[in-house]
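See structure below.
In the text below, chain A, chain B and the rest are named by the order of the sequence lines, each starting its count at 1.
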Amino acid sequence: MLEKNFDPAAVEPRLYKMWEESGVFSPSDAKDTFSIVIPPPNVTGSLHIGHALNNTLQDVLTRFERMRGKAALWLPGTDHAGIATQMVVERQLAASGTNVGRRDMGREAFVAKVWEWKKESGGTIVQQLRRLGASCDWSRERFTLDDGLSAAVRKVFVTLHQQGLMYRDKRLVNWDPQFQTAISDLEVEQKEVDGHYWHFAYPLADGVTYDFPVKDEDGNDTTETRDYIVVATTRPETMLGDSGVAVHPDDERYKGLIGKFVILPITGRRIPIVADEYADPSKGSGAVKITPAHDFNDFQVGKRHDLEQINILDTQAQLLAFDPVPAEYRGMDRFVARQAIIARAEEEGWLKQVEKTKHMVPHGDRSGVVIEPFLTDQWYVNAGELAKEAIAAVEDGRTVFEPKNWEKTYFEWMRNIEPWCVSRQLWWGHRIPAWYAEDGFIFVAETEADAHKQAEIHYGKPVALKQDEDVLDTWFSSALWPFSTMGWPENTEDLQRFYPTHTLITGFDIIFFWVARMMMMGLHFTGKAPFKRVFINALVRDDKGQKMSKSKGNVMDPLVLIDEFGADALRFTLTAMSGQGRDIKLAKPRIEGYRNFSTKLWNATRFTQMNECARVEGFDPSTAKLTLSRWIRGEVQKTLAAVTEALEACAFDDAANALYKFIWNVFCDWYLELAKPILNGDDTTAKAEIRAMTAWVLDQAMILLHPVMPFITEELWEKTGHIDMLISHSWPKPDAKAIDAEADEEINWLIDLIGEIRSIRSEMNVPGSARAPLSLSGASEVTAKRLNTHEDLILFLGRLSEVKVGEAVAGSVPFVAGEATAHLAIAEFIDLKAEQARLAKGIADFDKTIDGVRRKLDNPEFVRKAPEEVIAENRERLEDAENGKAKLSAALERLKAAS
RNA sequence: GGACGCGUAGCUCAGCGGGAGAGCAUUCGCUUCACACGCGAAGGGUCGCAGGUUCAAUCCCUGCCGCGUCCACCA
């Protein structure tokens, strides 16, 4: 006999171990395959609620397809997470108090240290995934920096280089002064901050003056003669790198100044005034300073007018310690320099105005510091070229997004894609396979030996080569994940069987970072889109809709929730709330509710045990005779169809809700209740059938629930005497014939009748112990027969003393039961006034329906244009309502006559 | 500035052309022999606002209001 409650903590580890050791997580050798690659969590990570959602959904699908007999592969692994991991280890070094930093250690020692850290602490998240129940094939676990994946990275890099799609270029990049590395556009976050426009007057060179339109004291238009031009800036310190001033070619105010020069304050540099459409006459003074080396727009303007690119910053965003930075600012931090220059401008009188403003400033997503546009040599991927096929694959449906709206986001970004800067000035990552000769010539090769060979051919003799110091963007190796993890570039069996993968489940926040790039690389290197379907899962927020974050203190730790409610309850909650296209507001009571659901299933099983509902080997539910059996078999079939269809379509919430309703509201609330009189009765044939049937239904429930709640179902499966493992049990075959319309109608009639009886008892405050007789007048033959067949059930569930066909007796309460009128004889509990009110309300309700439906049917347009079945349905409704009203009205008349 | 999404019962959400639904919360009643993490019953909604299409609109279209997210940009 089962305990009263399920104790998840006691069984979860044991069951997981059993599954893992049995080898069921590895795909079978079935021909039909189903594969998913995990979005590799950062090796530094620990399981957060977003992971819990994402991996629950992957596991639900994997378990579902595995049970459907496919060779199901869920391939797990972790990402080396360049900056994040390097940060963790650097922080650890700093905290160690040895005062030995990364640079003191040197590259080799530091990287060794990171590997050491990875070995000790890097496995956290994969253990946590096990607690969630994730049925990943751990024997295939990969790491983005392991040998195979590193080889794939080199191969891709070299191939792209040969194809001219990977190149080195000097352009402005987003520079993170804290990590002292370039980062990609995607790693930049625009944040609104309070700032200022400082208006500076740059004096014109060569004694040039012009008339500038102004208002006089009375507000009239006039002009003043100026020997300077005003520019506005949010970044005064960059003026040291100015190499021009731009005005709009059509701006009348400055037309005469085009081609003239200004003398840049402080440096005294003579720089030209150029005409460029970039200058917006409506903004600021209409004239803009141009700093090509420190602003993306200015860089373009500078190129158009051949302006000098003057870099004034070092890699930490301090002003350079040498020319062209004037002596007094050398080595100064950029923000300190800003204040110093403002102070000087004020002092020297060329600060004309200070305007407060809010503006967007780029920040590094990891470091949080202000990003500096910085002129450096970096490696770039020609993403525009690779994007073409990736766009086409989604356009023609080789890959579909679910929900489909996300395709728009994908297209939007792909169609405006910029070259992808893939080099990073870090140490933890895939070192760029490029070697430099002394004269700067570059040899790109998969191995150092190859590079030397190339160099020897090039120079006609061996030369010294130096490998590129940089590593690749973490997302570069992630982009290869679906095929590199399967052994590419070798043509492995896994690659043949499981690539392309079937479904990718991930968050919308990495559509650009990851999904788009996997599409590009997958198509380019394998010729196939890496997945047939991309399911974008929701974002988990707190119960108030706030994004969870440590700083807000509103994070819900999935491991704590698992401890409290069990992994199944958390999984069911996340699945049930995974409606498409909506964020999830996660609240504890909801998880608690689904924990209660698992307890309900547990106790239903307990009940079947107490009633000796043992499985009968070879029992065929289609041979069951009782209406109740035939009905529940149909309900199982409906649930099977609903769950199967929902899971195929990634409609996870529909699947969960269908299961919940079936198990609780159908199986427990009605089937088991209706079965009780039979189980307690003395009809041994019926009892035997119901016992076998109940065991069968329970099995079906456990099978269907297993993908979402694997632990409790596996445990109950074992406790109910199965010797196989549920995880590898087969999914039932749908069979539409299992739905028995006649049984359906009969049981629904029964449910309605009992519902009415209960409702009236409750309304009339009839104590539970009171047994009353029930009679049905106007009953059809069918109804009379049903009444007879189910007498025991009606007596038991309605708490009645007698059920029969007959006329109303004095002191009875009537209600409508199909074509018949039921009379519940509870004279001693009837409050005449209340009863009159009840009947009046019932009549009013019918009237409302009658009015509404009649209005429709009286409308000739409706009768002419509405579909036949809608008209028929309304006619039926009208008839029912009129019959119902007649019954209650008669009862009301009788009541009035009697009183 | 561009794009996407959301406003339905107190809360969280489902429904998305023909009778307003669920869970939680609330109220009432239950030592009913699986389960109080339970059982039974009840109350509660002008389906954001305004137009339009339609025989029919919570559902489709347009506009507005409110909330959220992403992208781009603002010297």
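Following rounding to the nearest Å, Gln190(A) (CD) and C70(B) (P) show an atom-to-atom distance of 12 Å. In this structure, the CD1 atom of Ile584(A) is 16 Å from the C1' atom of G68(B), given to the nearest Å. C35(B) atom P lies 13 Å from atom CD of Gln609(A), rounded to whole Å. Note: CZ (Phe597(A)) to C1' (C24(B)) measures 16 Å, nearest angstrom. Here G23(B) presents its P atom at 10 Å from CG of Asn657(A), a figure rounded to the nearest Å. One atom, CG of Asp583(A), and another, C1' of G5(B), lie 9 Å apart when rounded to the nearest Å. The separation between Asn416(A) atom CG and G1(B) atom C1' is 14 Å, rounded to whole Å. Residue Phe667(A) contributes atom CZ, which lies 17 Å from atom P of G38(B) at whole-angstrom precision.
If you check every strand for non-hydrogen atoms under 4.0 Å, Tyr197(A) touches sugar and phosphate atoms only. Within the nucleic acid shown, Glu673(A) comes within 4.0 Å of at least one base atom, counting heavy atoms only. Note on Ala866(A): a base of the nucleic acid sits closer than 4.0 angstrom, heavy atoms only. Within the 4.0 angstrom heavy-atom criterion, base atoms lie near Ala279(A). Residue-level contact check: Arg877(A) touches the bases, meaning some heavy atom is under 4.0 Å from a base atom. Contact annotation for Lys283(A): base contact, defined as any heavy-atom pair under 4.0 Å involving a base atom. As judged by a 4.0 angstrom heavy-atom cut-off over every strand, Trp198(A) is placed among residues making no nucleic acid contact. No engagement by Thr409(A) is indicated, since no non-hydrogen atom pair under 4.0 Å with the nucleic acid exists. Residue contacts shown for Asn297(A) are limited to sugar-phosphate atoms, with no base heavy atom under 4.0 Å away. Within the nucleic acid shown, Arg541(A) comes within 4.0 Å of sugar-phosphate atoms alone, with no base atom in reach, counting heavy atoms only. If you check every strand for non-hydrogen atoms under 4.0 Å, Pro767(A) touches nothing. Across all strands, Val870(A) comes closer than 4.0 Å to base atoms (heavy-atom distances). At a threshold of 4.0 angstrom between heavy atoms, the contacts of Arg799(A) include nucleobase atoms, whether or not backbone atoms are also involved.
Between Phe401(A) and Trp406(A), the distance separating the two ring centers is not shorter than 6.0 angstrom.
Contact between the side-chain N/O atoms of Ser759(A) and the OP1/OP2 oxygens of A42(B) is found at a separation under 4.0 Å. Put simply, Trp664(A) has no side-chain N or O that comes within less than 4.0 Å of OP1 or OP2 on A34(B). The side chain of Lys585(A) places no N or O atom within less than 4.0 Å of a non-bridging phosphate oxygen (OP1 or OP2) of C11(B). Distances shorter than 4.0 Å separate none of the side-chain N or O atoms of Asn874(A) from OP1 or OP2 on G19(B). The side chain of Lys4(A) places an N or O atom within less than 4.0 Å of a non-bridging phosphate oxygen (OP1 or OP2) of A36(B).
At most 12 heavy atoms of other shown residues, nucleotides or ligands fall within 6.0 angstrom of atom CG in Asp682(A). Surrounding CD of Glu861(A) are more than 12 heavy atoms belonging to other residues, nucleotides or ligands, all under 6.0 Å away. Within a 6.0 Å sphere centred on CD of Gln190(A), heavy atoms belonging to other residues, nucleotides or ligands number more than 12.
Of the candidate nucleotides C39(B), C33(B), G5(B), G5(B) has the atom nearest to the side chain of Asn405(A). The side chain of Asn596(A) has C37(B) as its nearest neighbour among G68(B), C37(B), A34(B). Picking from G19(B), C71(B), G40(B) the nucleotide with the shortest atom distance to the side chain of Lys856(A) gives G19(B). Considering only side-chain atoms of Leu672(A), the nucleotide from A34(B), G18(B), C13(B) that sits closest is A34(B). Among C33(B), C55(B), C71(B), the nucleotide with an atom closest to any side-chain atom of Glu861(A) is C55(B).
Scanning both residues, Met556(A) and Ala587(A), for their nearest heavy atoms gives CE-C, 4.5 Å. When every heavy atom of Ile229(A) is checked against every heavy atom of Ala287(A), the shortest pair comes out as CD1-CB, 3.7 Å.
Heavy-atom nearest nucleotides on RNA chain B were determined for Asp669(A) and for Leu186(A), and the one closer to the 5' end corresponds to Asp669(A). Judged by closest nucleotide on RNA chain B, Glu412(A) is the one of Arg758(A) and Glu412(A) placed further toward the 5' end.
Rounded to whole Å, the P atom of A20(B) lies 11 Å from the corresponding atom of C47(B). Distance noted for atom C1' between G43(B) and G29(B): 15 Å (whole Å). If you take atom P in G40(B) and the same atom in A25(B), they sit 15 Å apart, rounded to whole Å. Of the C1' atoms belonging to C60(B) and G1(B), the separation is 29 Å, rounded to the nearest Å. A57(B) and G15(B) have their C1' atoms separated by 14 Å, given to the nearest Å. Comparing A50(B) with U8(B), their P atoms sit 16 Å apart, to the nearest whole Å. Taking the P atom of each, G2(B) and A14(B) are spaced 28 Å apart, rounded to whole Å. Straight-line distance between the C1' atoms of U62(B) and G21(B): roughly 29 Å, to the nearest whole Å.
The base of C4(B) does not come close enough to the side chain of Lys408(A) for any donor and acceptor atom to sit less than 3.5 Å apart. Side-chain to base pairing of Arg590(A) with G23(B): no donor and acceptor N or O lie closer than 3.5 Å to each other. Side-chain atoms of Arg595(A) and base atoms of C37(B) include a donor and an acceptor less than 3.5 Å apart. With hydrogens and angles ignored, no donor-acceptor pair under 3.5 angstrom links the side chain of Glu756(A) to the base of A41(B).
With a cut-off of 3.5 Å on both pairing distances, the Watson-Crick and G-U wobble pairs of RNA chain B assemble into stems of 3 or more at B:1-7 with B:65-71, B:10-13 with B:21-24, B:26-30 with B:38-42, B:48-52 with B:60-64.
Lys289(A) and Thr238(A) share a donor-acceptor pair across their side chains, judged by distance under 3.5 Å alone. A donor and an acceptor atom, one from each side chain of Glu412(A) and Thr409(A), are nowhere located under 3.5 Å apart.
Using a cut-off of 4.0 Å between Lys/Arg side-chain N and Asp/Glu carboxylate O, Asp847(A) and Lys885(A) are scored as salt-bridged.
Residues Leu857(A) and Arg854(A) form no side-chain contact, since every pair of their non-hydrogen atoms from C-beta on lies 4.5 Å or further apart.
In this pair, His196(A) and Trp198(A) present their aromatic rings tilted. The plane angle is within the 30 to 60° band. The aromatic rings of Phe597(A) and Tyr594(A) sit perpendicular to each other, their planes meeting at more than 60°, with 30° as the lower class boundary.
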